[in-house]
Amino acid sequence: MIEERPIVEIKNLSKFYKMGGETLKALDDVSFSVKKGDFVAIIGPSGSGKSTLMNMIGCLDLPDQGEYHLDGKDVFSLKNNDLADVRNQKIGFIFQSFNLLPKQTAYENVELPLIYRGLSAAERKEIAMSALNKVGLADRADHRPTELSGGQQQRVAIARALAGNPPILLADEPTGALDSKTGKEVLKLMKELNKQGHTIILITHDMDIAKQAKRIIRIHDGKILAEKGVVFL
């Protein structure tokens with residue numbers, strides 16, 4: 001039996017920055033992989049390199065050295081237009097600050113990436129409402145962000161990430177702007193989505209949050225320090 005190729009393959013990734021005539025390594029020979037259906041937390045303190053790594057995984061930045069294959073594509077060989085397509089089709093972004101358009105309804109926020117894909121209005125409506133239903137907010141589709149709680153706004157952001165059915169959900173401190181109770185509800189939702197088959201990569205500085213994942217990857221000073229599996233109930 002041939003083993004399925006990892007959905008994310010990162011090999012010997014390095015990123016350098018020039019500061020005051022000195023060369024700093026934001027990432028130092030980082031290698032790891034993520035299988036389809038996995039739930040991985042990347043944890044590290046401020047300045048550890050986790051945000052730089054997130055930008056690489058999300059195709060928002062390019063490395064100085066190394067390789068990155070996403071769902072079978074050699075990401076770093078792609079041109080800008082193709083990278084934009086990868087971001088739109090392969091990755092669902094979930095941000096700490098939600099990044100919702102304030103004048104648009106929940107439905108319109110979820111629909112937006114589908115417009116970029118050129119789908120018809122009927123297709124967009126079916127997909128967007130299905131995504132909102134998945135996060136329990138179909139009845140809030142016509143509400144604007146200011147009419148929603150923080151937890152509801154993050155659920156809309158998750159629905160937007162889900163709408164295009166991307167292979168990966170990339171979550172950057174998804175509970176950082178929420179109170180502890182609401183944060184636990186959002187993490188519970190993400191665990192449920194993972195059980196449904198969604199591959200999730202979560203960036204965090206909080207070990208309690210990282211422990212919700214199946215695997216934890218520690219990063220410090222741009223290096224992968226350790227990795228361990230965590231079985232959640």
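This one's a predicted model, so the numbers in the text were calculated from it and none came from an experiment. The residues of the chain are indexed from 1 along the displayed sequence.
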Let me check something: do I115 and V110 share a hydrophobic cluster, defined by ILVMFWY side-chain heavy atoms less than 4.5 Å apart, either directly or through other members?
no
In sequence, state the C-alpha distance, the side-chain angles, and the governing distance for L70 and V86, and then conclude on side chain to side chain contact (heavy atoms under 4.5 Å, CB included).
CA-CA 9 Å; L70 172 61; V86 168; 3.6 Å; yes
Inspect the surroundings of CG in D139 and state if more than 12 heavy atoms from other residues, nucleotides or ligands are less than 6.0 Å away.
yes
Could you walk me through whether V34 and I201 pass the side chain to side chain contact (heavy atoms under 4.5 Å, CB included) test, one step at a time?
CA-CA 9 Å; V34 178; I201 300 175; 4.1 Å; yes
Is the side chain of T204 donor-acceptor paired with the backbone N or O of A210 at a distance under 3.5 Å, no angle test?
no
Step by step, work out the side chain to side chain contact (heavy atoms under 4.5 Å, CB included) result for L112 and L101.
CA-CA 10 Å; L112 187 61; L101 297 177; 3.7 Å; yes
Pairs satisfying side-chain hydrogen bond (donor to acceptor under 3.5 Å, both in side chains), at least one member in residues 95-104, at least two apart:
S97-N99
Side-chain donor-acceptor contacts of residues 161-169 below 3.5 Å, not counting sequence neighbours, with atom names and distances?
none

Looking at residues at least two apart in the chain, or sitting in another chain, which of them share a side chain to side chain donor-acceptor pair (under 3.5 Å) with E111?
R124
Say whether V40 and V75 are linked into one hydrophobic cluster, either directly or through other cluster members, by side-chain heavy-atom distances under 4.5 angstrom.
yes
Pick from T182, I209, L178: which one makes a side-chain contact (heavy atoms from CB on, under 4.5 Å) with L187?
I209
Taking the side chain from D206 and the backbone from D208, do they hold a donor-acceptor pair closer than 3.5 Å?
yes
Under 3.5 Å donor-acceptor pairs involving side-chain atoms of residues 16-23, not counting sequence neighbours:
{"unit_1": "K18", "atom_1": "NZ", "unit_2": "T23", "atom_2": "OG1", "d": "3.0"}

K223: what forms a salt bridge (Lys or Arg N to Asp or Glu O under 4.0 Å) with it, not counting sequence neighbours?
D28
How about D142: does its CG atom have over 12 heavy atoms from other parts shown lying under 6.0 Å from it?
yes
Is there a donor-acceptor contact under 3.5 Å from the side chain of Q154 to the main chain of G151?
no
Do any N or O atoms from the side chain of E108 and from the backbone of T105 form a donor-acceptor pair under 3.5 angstrom?
yes
With E9, which residues qualify under salt bridge (Lys or Arg N to Asp or Glu O under 4.0 Å), at least two apart?
R5
Under 4.5 Å side-chain heavy-atom separation, chaining through any Ile, Leu, Val, Met, Phe, Trp or Tyr, what else clusters with L225? Say none if it is isolated.
none
Does anything in residues 88-129 form a ring pair (Phe, Tyr, Trp, His ring centres under 6.0 Å)? List the pairs, not counting sequence neighbours.
F93-F95
R87 side chain to C59 main-chain N or O, any donor-acceptor pair under 3.5 Å?
yes
Hydrophobic cluster identity match, L24 and L27, side-chain contacts under 4.5 Å:
no
Are Q212 and M190 side-chain neighbours, meaning at least one heavy-atom pair lies under 4.5 Å?
no
With a 3.5 Å distance limit and no angle check, can you tell me whether S120 reaches the backbone of E123 through a side-chain donor-acceptor pair?
yes
With a 3.5 Å distance limit and no angle check, can you tell me whether D71 reaches the backbone of V8 through a side-chain donor-acceptor pair?
no
Would you say the side-chain atoms of D61 pair up with the backbone N or O of N55, donor to acceptor, closer than 3.5 Å?
no
Is the CD atom of E126 crowded by more than 12 outside heavy atoms at less than 6.0 Å?
no
For K134, enumerate each residue passing the salt bridge (Lys or Arg N to Asp or Glu O under 4.0 Å) test, keeping only those at least two apart in sequence or located in another chain.
none
Quick one: does any side-chain atom of K25 pair with a main-chain N or O of S14 as donor and acceptor, under 3.5 Å?
no
Does anything in residues 40-73 pair up under ring pair (Phe, Tyr, Trp, His ring centres under 6.0 Å), and if so which pairs, sequence neighbours excluded?
Y68-F76
Between the CE atom in M54 and the CD1 atom in I219, the distance rounded to the nearest 0.5 Å is 12.0 Å
So, K214 and D38, do they make that salt bridge, N to O below 4.0 Å?
no
Apply side chain to side chain contact (heavy atoms under 4.5 Å, CB included) to residues I7 and K35 and explain how you reach the verdict.
CA-CA 5 Å; I7 197 165; K35 293 183 178 180; over 6 Å; no
Mind checking salt bridge (Lys or Arg N to Asp or Glu O under 4.0 Å) for E185 and listing every partner two or more places apart, or none if nothing turns up?
K181
Is there side-chain contact between V186 and L189, with at least one heavy-atom pair below 4.5 Å?
no
About how many Å separate OG of S31 and CD1 of I10, when rounded to the nearest 0.5 Å?
8.5 Å
K36 backbone acceptor or donor facing T199 side chain under 3.5 Å:
no
Under a single-linkage definition using a 4.5 Å side-chain heavy-atom cutoff for Ile, Leu, Val, Met, Phe, Trp and Tyr, are I91 and L78 assigned to the same hydrophobic cluster?
yes
Mind checking side-chain contact (heavy atoms from CB on, under 4.5 Å) for Q89 and listing every partner two or more places apart, or none if nothing turns up?
D85, R117
